[in-house]
Amino acid sequence: MLIISNLSGKYQIIASLLFGAGLRINEALRLRIKDIDFHNKSIFVFRGKGNKDRYTL
């Protein structure tokens, strides 16, 4: 948490997604706003590792 708090802007958001949602680097960088479901608090990972789709919380 100390490392994430020392980052700023888009780098802090990406690091938080990697840590909190369990996303891989490529998944976080290819994330689109329509893949985030704020109502159900979930993220849809499109073509992640192994070209598989998945949901994460």
Side-chain angles (χ1 to χ4, degrees):
M1 293 309 294
L2 183 62
I3 294 171
I4 293 174
S5 65
N6 285 323
L7 297 173
S8 63
K10 60 184 172 186
Y11 302 108
Q12 186 177 25
I13 294 170
I14 292 171
S16 297
L17 285 171
L18 294 174
F19 180 74
L23 295 181
R24 296 174 180 92
I25 294 173
N26 287 334
E27 294 171 348
L29 295 176
R30 286 188 286 143
L31 191 63
R32 302 171 297 181
I33 192 68
K34 70 179 194 176
D35 294 334
I36 301 172
D37 185 3
F38 293 104
H39 185 263
N40 293 325
K41 297 181 182 177
S42 64
I43 298 174
F44 179 70
V45 178
F46 181 70
R47 291 190 183 163
K49 185 177 177 183
N51 286 330
K52 296 180 181 175
D53 300 338
R54 65 183 172 103
Y55 281 97
T56 184
L57 301 175

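Fair warning: this is a prediction, and the values are worked out from it, not measured in the lab.
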Exercise for the section: Indicate if Leu2 and Leu7 have the same hydrophobic cluster label, given that clusters are the connected sets of ILVMFWY residues with side-chain heavy-atom separations under 4.5 angstrom. Expected result: no

Handout entry: Same apolar cluster: Ile33 and Phe44, side chain cutoff 4.5 Å
Key = no

Problem - Nearest-0.5 Å distance, CG of residue Asn40 to OH of residue Tyr55 - result: 9.0 Å

Exercise for the section: Step through the shown structure and confirm whether more than 12 heavy atoms of other residues, nucleotides or ligands are within 6.0 Å of CD1 on Ile3. Expected result: no

Exercise for the section: Spell out, as yes or no, whether a donor-acceptor pair under 3.5 Å connects the side chain of Ser42 to the backbone of Thr56. Expected result: no

Report yes if some heavy atom in the side chain of [X] is under 4.5 Å from a heavy atom in the side chain of [Y]; otherwise report no.
X: Leu17; Y: Leu31; result: yes
X: Arg54; Y: Glu27; result: yes
X: Ile13; Y: Ser16; result: no
X: Phe19; Y: Met1; result: yes

Practice task
Pick out which of Asn26, Leu23, Asp35 makes a side chain to side chain contact (heavy atoms under 4.5 Å, CB included) with Val45.
Solution key: Leu23

Handout entry: Closest non-hydrogen atom pair, Ala28 against Leu18
Key = CB-CD2, 4.0 Å

